[in-house]
Amino acid sequence: KELRELTQERQFEKDQAFIEKERAFIAKHLAGQRTKEAQGRRARLERRMADGEFVMEKPAARKATKLKFDRATVRGGTALRVDELAKQYDEKRLFAGLRFQVQGGERFGITGPNGTGKSTLLKILTEEVEADAGTYEFGPKLSVGYYAQEAVDLDPSTNLVDQVREARGEFSEHEARSYLGRFRFSGEDVFKSVGLLSGGEQSRLRLAKLILSEPSMLVLDEPTNHLDIASCEALESALGAFPGTIIVVSHDRYFLDRMVDRLLVMRSEGCQVFAGNYSGYVKQLEHEGSGPAAGVKPLPYGRGSDDTSHLPRGKKGKRRRGSGGTGARAETSQFDRFTVEELEGYIEAREGMVEELHARFADTELYRDPEALAALRGELDRLQGELDGAERAWSERAEG
């Protein structure tokens, strides 16, 4: 979208310069010796404008998403204590004997394959589901803000302004509209029916309402789902500045690398808490071919083929499609013979191959064979380099 808007803006400037130049020529020569030429150029210009050959409107500048938790407070001590928690549905056991503690101000991540009870655990903690056994206890005077995967807290018959004023009754319509502008809702969009919103728009609206509640603890279930890259970065920035406690379920490896201090990995064979973020968890698996981590498989990367785990935590880590790490950049000249459509097909195929290689890292037996691990990484680097070169070639064609 950013590339498309940039291309459109450049074309707008080029077309306007051409139109002004043509009009200047026509005005100068319409009544002189070159009248016929001026009349012909005027007719051609008017025809081309009528046929829509020129970009006549400058694309609106993209508004940044600004998220901020204004008055949340951090409380020390133990924020959450879970002891011997268990849950199963019919014959399917999700987890049993689950034990962990979360300290005030900590960022605690939860990840693992689908079907291992991650969302169910959050629903137990927010009293939507009852545990089969075990106990849990929150710290005193904690206010919890819960972001569920399902948008069940939104009334589809209301509009966005109504939703914001429902969360903050003292807001005027003007204040509600101004607040929604921080989440890239502007103009008449603020009066759009909630039932007509896209998944990403619903996510932004729910985050807007959550922030208004000013909780001291956030319990988030896949908060980056449906968000575009700009909204994900804004969310990460806001959560980084949030002074309270965060418990978050996510498959998004980049998000987990940026946000969490400890990680609970939930799998059908058992659950285990690891110190550090997702990259730290994978490194621990690599160094412990045997021992406690050996029975726990690393997750495939959760956001396509963009492996940005090498980026540092904090504001310096930016999401970029096909960044290619720090290795040598692939040449784009090899793609000169490709059409734009062929490049798109090539990129799609390489993305699928990269995704398959990432999935192969889930096999714990791989970490016991250094040669096989090195070969797989080499193949991944080669494919990623080809993908990066193709994407740069595509960008150059699109911009040109």
Side-chain angles (χ1 to χ4, degrees), residues 67-87 95 97-112 117-131 134-149 153 167-168 206-224 232 234-250 252 254-266 271-281 284 312-315 317:
L67 313 182
K68 183 181 179 183
F69 293 87
D70 296 316
R71 296 192 293 270
T73 57
V74 62
R75 298 184 182 277
T78 301
L80 172 66
R81 180 181 288 106
V82 172
D83 190 25
E84 299 296 332
L85 212 59
K87 183 65 181 178
F95 50 83
L98 184 58
R99 302 181 63 185
F100 63 88
Q101 292 187 19
V102 179
Q103 300 303 310
E106 185 178 6
R107 275 87 166 114
F108 189 81
I110 303 173
T111 195
K118 302 182 300 298
S119 295
T120 299
L121 172 60
L122 296 194
K123 290 179 180 179
I124 291 173
L125 298 179
T126 54
E127 299 183 342
E128 290 190 9
V129 172
E130 186 174 349
T135 61
Y136 63 91
E137 182 181 6
F138 287 100
K141 299 182 179 179
L142 270 179
S143 59
V144 178
Y146 176 44
Y147 180 94
Q149 284 197 53
D153 54 335
R168 188 65 66 83
R206 293 168 62 214
L207 287 168
K209 293 184 65 177
L210 180 62
I211 289 172
L212 283 178
S213 69
E214 299 177 349
S216 52
M217 173 186 279
L218 293 172
V219 177
L220 310 173
D221 193 357
E222 299 286 1
T224 61
C232 285
L235 174 64
E236 289 163 4
S237 177
L239 294 180
F242 178 64
T245 308
I246 298 174
I247 299 174
V248 56
V249 165
S250 182
D252 186 335
Y254 185 93
F255 180 80
L256 293 171
D257 271 351
R258 290 282 301 273
M259 297 310 307
V260 306
D261 305 313
R262 287 192 300 146
L263 191 64
L264 169 64
V265 179
M266 300 182 67
C271 304
Q272 191 169 357
V273 176
F274 293 84
N277 60 10
Y278 186 88
S279 289
Y281 154 63
Q284 184 171 340
R313 297 180 68 188
K315 295 183 178 179

Within-4.5 Å side-chain heavy-atom neighbours: [X] and [Y]:
{"X": "L220", "Y": "I246", "answer": "yes"}
{"X": "V249", "Y": "L122", "answer": "yes"}
{"X": "I110", "Y": "L121", "answer": "yes"}
{"X": "L264", "Y": "L98", "answer": "yes"}
{"X": "V219", "Y": "V248", "answer": "no"}
{"X": "V102", "Y": "I247", "answer": "yes"}
{"X": "L256", "Y": "N277", "answer": "no"}
{"X": "T245", "Y": "L218", "answer": "no"}

Exercise. Considering residues at least two apart in sequence or located in another chain, which fulfil the salt bridge (Lys or Arg N to Asp or Glu O under 4.0 Å) criterion with E84?
Worked result: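 Partners of E84 under the salt bridge (Lys or Arg N to Asp or Glu O under 4.0 Å) test: R99.
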Problem set entry | Residues which pass salt bridge (Lys or Arg N to Asp or Glu O under 4.0 Å) with E106, listed by chain and number, not counting sequence neighbours |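 Testing E106 for salt bridge (Lys or Arg N to Asp or Glu O under 4.0 Å), a comparison that skips the adjacent residues, returns R262.
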Problem set entry | F108: ring pair (Phe, Tyr, Trp, His ring centres under 6.0 Å) partners, not counting sequence neighbours |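 In terms of ring pair (Phe, Tyr, Trp, His ring centres under 6.0 Å), with neighbours along the sequence ignored, F108 is linked to F100.
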Flag, side chain of [X] to backbone of [Y], donor-acceptor distance under 3.5 Å:
{"X": "K209", "Y": "R168", "answer": "no"}
{"X": "S143", "Y": "S216", "answer": "yes"}
{"X": "D261", "Y": "R107", "answer": "yes"}
{"X": "Y136", "Y": "I124", "answer": "yes"}

For this session: Quick one: do L210 and Y146 satisfy side-chain contact (heavy atoms from CB on, under 4.5 Å)? Show the steps, please.
Result: CA-CA 8 Å; L210 180 62; Y146 176 44; over 6 Å; no
Problem set entry | Residues forming a side chain to side chain donor-acceptor pair (under 3.5 Å) with Q149, sequence neighbours excluded |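 With neighbours one apart ignored, the set is S119, D221.
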Problem set entry | Residues forming a side chain to side chain donor-acceptor pair (under 3.5 Å) with K123, sequence neighbours excluded |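 In terms of side chain to side chain donor-acceptor pair (under 3.5 Å), with neighbours along the sequence ignored, K123 is linked to no residue.
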Quick check: closest heavy atoms across [X] and [Y], and the distance to 0.1 Å?
{"X": "M217", "Y": "A79", "value": "CE-CB, 3.6 Å"}
{"X": "E222", "Y": "Y147", "value": "O-CE2, 4.1 Å"}
{"X": "C271", "Y": "F95", "value": "SG-CB, 4.2 Å"}
{"X": "G145", "Y": "P215", "value": "N-CB, 3.4 Å"}

Problem set entry | Approximate separation, where rounding is to 0.5 Å, of R81 CZ and Q101 CD |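 R81 atom CZ to Q101 atom CD measures 4.5 Å (nearest 0.5 Å).
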Problem set entry | Spacing of OG1 belonging to T120 relative to CD belonging to E128, to within rounding of 0.5 Å |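 The OG1 atom of T120 sits 10.5 Å away from the CD atom of E128.
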For this session: Could you give me the CA-CA distance, side-chain angles and deciding distance for L239 and F255, then say whether side-chain contact (heavy atoms from CB on, under 4.5 Å) is met?
Result: CA-CA 11 Å; L239 294 180; F255 180 80; 3.7 Å; yes
